[in-house]
Number of protein chains: 2
Amino acid sequence: MRDSHRPRQDAERDPLSAGAPAGRRPRLDDVAAAAGVSTATVSLVLRGVAGPSAATRERVLDEASRLGYRPDRAASLLASRRSRLIGVVMDIANPFHAQLVEDVQEAAEHQGYDVVLSAVTRGRDERRAIETLLDSRCEALVLLGPLAPADQLAALDRQLPVVAVGRPVPSAEVDVIRAADDEGVALAVDHLAGLGHRNITYVDGGRGVMAALRRRGYHRAMRTHGLGDLIRVIGGGNTEESGATAAHALLGVDPRPTAVLTFNDRAAMGLLDALIRADVDVPGAMSVVGYDDSPFSRLAHIELTTVSQNIPELTEHAVAAVIERLDGGRTDHREVVVRPRLVVRGTTAPPPDQAVRAPA
Amino acid sequence: MRDSHRPRQDAERDPLSAGAPAGRRPRLDDVAAAAGVSTATVSLVLRGVAGPSAATRERVLDEASRLGYRPDRAASLLASRRSRLIGVVMDIANPFHAQLVEDVQEAAEHQGYDVVLSAVTRGRDERRAIETLLDSRCEALVLLGPLAPADQLAALDRQLPVVAVGRPVPSAEVDVIRAADDEGVALAVDHLAGLGHRNITYVDGGRGVMAALRRRGYHRAMRTHGLGDLIRVIGGGNTEESGATAAHALLGVDPRPTAVLTFNDRAAMGLLDALIRADVDVPGAMSVVGYDDSPFSRLAHIELTTVSQNIPELTEHAVAAVIERLDGGRTDHREVVVRPRLVVRGTTAPPPDQAVRAPA
DNA sequence: ATACTCGTTTCAAGCGCTTTAAAATACGCG
DNA sequence: CGCGTATTTTAAAGCGCTTGAAACGAGTAT
């Protein structure tokens with residue numbers, strides 16, 4: 001049955017080399033036999049451990065590549081004390097996570113660790129994603145924007161080092177690497193207030209802790225600018241759709257705000273979308289600020305003013321936190337807060353009334 | 001030293017395995033000891049294999065959950081003949097792949113298979129991604145939009161069942177599940193020609209086989225409409241950036257085309273972007289059609305007319321192809337071509353000259 | 001009684017690799 | 001040339017689980 005996948009490549013193999021794999025995937029002892037050494041030596045050579053002589057080394061390496069040997073991951077994992085595996089949980093539909101994963105993978109590799117990805121999807125919740133990782137012998141977990149409650153994360157952390165990226169966790173247990181989201185929103189408010197806006201509304205991001213933090217940043221910044229009375233938060237979410245819904249709510253408000261902050265870029269996109277459909281000029285009649293600096297936000301027909309999280313810095317700290325705990329013996333809790341940066345593009349401008357007033 | 005208090009002292013014959021898990025992760029024999037049965041029985045129960053009696057079953061299950069037992073994946077993998085693992089290679093930055101992965105994961109699970117994800121990123125090429133999967137005991141590979149040349153894929157297929165999704169592979173070896181890309185482009189040309197366009201340019205997608213197929217579709221469709229003389233292909237790519245570059249090339253052409261087809265939505269976005277910056281009215285002065293029906297293409301301020309690939313159908317066939325080969329003993333090659341669908345949105349309209357001519 | 005089922009449970013041999021202690025070999029030197 | 005030491009190699013004991021064969025009662029037929 002499977003034979004069809006394994007045509008006679010035996011022909012090109014040396015039939016004399018003891019126990020030449022006949023169609024079967026070559027194993028460590030095939031290489032050992034071919035090179036005339038023990039499996040222990042082969043293992044040592046292949047992992048680059050000091051010990052075997054240069055001559056042996058070369059011979060083993062030659063035979064290994066000749067046989068097309070590839071170590072069996074499951075077996076290595078099982079046999080070795082350490083897996084050197086870092087599990088990463090991500091939302092597969094989230095481009096922000098994709099960027100983080102790229103960087104984490106690179107950084108981890110650099111430190112001699114391998115990354116196991118576990119995706120959260122529609123039909124696969126975070127719990128499942130984490131469990132898979134746990135079963136895979138991961139030594140540590142990097143959770144991108146985890147949704148689980150703090151106590152669950154804390155419980156997890158008792159099993160293995162856990163670092164939550166991008167979301168605050170109100171607990172002194174898991175490591176947290178995140179951007180100062182409140183500050184990010186404050187930057188946006190500062191920018192808008194500086195342009196002359198006073199009636200600035202915030203489109204909320206839902207129940208999450210991250211949403212709460214951004215909302216708090218909005219509240220605080222508004223008050224700082226003496227705009228406490230104009231604080232207005234309307235329900236939203238983290239999707240384009242929720243942004244569009246929010247737009248309609250927004251347009252019904254009187255007096256209509258001159259600027260809107262959204263929880264993230266996706267919501268901003270949806271909002272922008274709905275505003276355009278409703279013939280509201282952006283930024284002429286209304287300014288919009290997103291959050292995340294997603295790849296699409298810099299496209300010219302969108303040109304979204306947004307808040308950028310420093311991804312390289314975020315991942316660098318995340319991997320460092322893991323490594324320190326795994327290799328450095330660190331046991332204390334750590335929370336790193338990376339400063340966000342406002343990226344001003346085309347969706348923000350002075351408010352309309354001011355524009356009218358100015359010439360007068 | 002091991003803990004002295006153990007769950008059950010009586011029915012234990014083997015004093016060596018008598019330790020209770022002291023801080024260490026519980027193993028199969030911990031559960032076995034606790035339930036007073038052998039590890040074999042526990043294994044049977046946990047995997048739902050028929051044999052153990054209902055009473056034993058319940059006792060084992062109870063103890064397992066009491067101890068918080070989780071099977072070690074590496075060990076199970078190593079010990080079992082089959083891994084029931086399907087490896088999926090994806091481009092982590094590609095939202096189209098993300099959608100495919102979601103569906104594949106769900107479908108595979110439904111068939112009792114697990115999915116191992118391997119991401120292609122900046123610093124991790126397809127080769128690496130595939131190797132990881134090979135080392136992980138995958139029984140089959142699903143490659144999303146593979147870049148490797150056909151002969152490499154064929155070689156791979158000799159090791160294990162491989163199905164390439166979304167890209168034609170000119171070889172009668174690996175299974176291929178793809179959309180009829182030439183037909184997709186033809187649909188777009190039909191649409192544009194129907195609107196009255198004649199000067200329709202195609203922005204190419206690079207060297208890939210998929211790009212070649214779409215390009216061919218363009219050529220053929222143009223000739224079908226008697227527009228063979230107006231065929232014009234300009235260099236492009238699969239990113240926003242390449243689309244923007246193409247736009248500039250496009251604007252230098254005389255006579256300027258009234259419609260453009262792009263290799264994919266991302267290129268269309270970049271193109272749209274550049275057109276807007278150049279004050280070209282879309283679709284008034286120029287119509288634009290993308291390809292992929294990406295989530296963002298349906299946003300109102302984009303409203304991209306595009307060609308949709310039938311994702312659910314694509315993944316359904318992909319998983320079916322794998323299962324049939326793994327479980328059904330199929331050995332022959334298969335190529336499934338799913339028909340694309342044109343999604344008309346706001347970036348296409350009759351050409352400008354015609355609009356002028358009509359009222360006259 | 002014996003033999004022969006059958007349902008349940010266990011034995012024990014791995015899966016393919018790592019790792020440690022110990023053995024074999026090589027080396028240096030009086 | 002023997003002995004201590006450093007270098008290289010290996011035997012063997014697992015890692016935690018699965019699995020076919022064997023064992024074990026307890027029925028049932030003979």
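Keep in mind that this is a model prediction, so the values were computed, not measured. Keep in mind that the numbers below use all heavy atoms, side chains included, and drop hydrogens, waters and symmetry copies.
- Taking every side-chain heavy atom of A:Ser76 into account, C:dC17 is the closest of D:dC17, C:dC17, D:dA11.
- Looking at heavy-atom distances under 4.0 Å, A:Arg137 makes contact with sugar-phosphate atoms alone, never a base.
- In this structure, the CD atom of A:Glu58 is 15 Å from the P atom of D:dT8, given to the nearest Å.
- With distances taken from any side-chain atom of A:Ser80 to the nucleotides D:dT18, C:dT18, D:dG16, the minimum falls on C:dT18.
- Atom CG in A:Leu46 sits about 9 Å away from atom P in C:dC17, given to the nearest Å.
- Comparing A:Ala75 and B:Gly51 against DNA chain C, the residue whose closest nucleotide sits nearer the 5' end is B:Gly51.
- Taking side-chain N and O atoms only, B:Ser43 has a distance below 4.0 Å to OP1 or OP2 of D:dT18.
- The side chain of A:Leu28 lies closest to C:dC17 when the candidates are D:dG16, C:dT8, C:dC17.
- Distance CZ (A:Arg24) to C1' (C:dC15): 12 Å, rounded to an integer number of Å.
- Looking at heavy-atom distances under 4.0 Å, B:Ser53 makes contact with sugar-phosphate atoms alone, never a base.
- An OP1 or OP2 oxygen of D:dA11 is reached within less than 4.0 angstrom by no side-chain nitrogen or oxygen of A:Ser38.
- A salt bridge links B:Asp29 to B:Arg27: at least one charged side-chain nitrogen sits closer than 4.0 Å to a carboxylate oxygen.
- In this model, the phosphate group of D:dT19 is approached by a side-chain N or O of B:Arg47 to a distance below 4.0 Å at OP1 or OP2.
- Each of C:dT19, C:dT10, D:dC17 was ranked by its minimum atom distance to the side chain of A:Arg81; first place goes to C:dT19.
- With salt bridges taken as basic N to acidic carboxylate O contacts below 4.0 Å, none links B:Glu102 and A:Arg124.
- Of the candidates D:dC17, D:dT10, C:dA12, the closest approach to any side-chain atom of B:Ala40 belongs to C:dA12.
- Among the nucleotides D:dC17, C:dC17, C:dC15, the one closest to the side chain of B:Leu78 is C:dC15.
- Contact between A:Val169 and A:Ala150 at its shortest, heavy atoms only, is CG1-CB, 3.7 Å.
- Separating the CZ atom of B:Arg82 from the P atom of C:dG14 is a distance of 23 Å, rounded to the nearest angstrom.
- The pair A:Asp135-B:Arg70 counts as a salt bridge, with a side-chain nitrogen and a carboxylate oxygen less than 4.0 angstrom apart.
- Going from atom CG of A:Asp29 over to atom P of D:dA11 covers 12 Å, rounded to whole Å.
- Atom pair B:Leu44:CG and C:dT8:P shows a separation of 12 Å (rounding to whole Å applied).
- One can place CZ of B:Arg84 at 18 Å from C1' of C:dC15, the figure rounded to the nearest angstrom.
- Atoms CG (B:Leu77) and P (D:dC17) sit 12 Å apart, rounded to a whole Å.
- A salt bridge does not link B:Asp30 to B:Arg66: none of the charged side-chain nitrogens sits closer than 4.0 Å to a carboxylate oxygen.
- Neither OP1 nor OP2 of C:dT18 sits under 4.0 Å from any side-chain N or O of A:Thr39.
- Between A:Glu131 and A:Arg128 there is no salt bridge, since no side-chain nitrogen of the basic residue lies less than 4.0 Å from a carboxylate oxygen of the acidic one.
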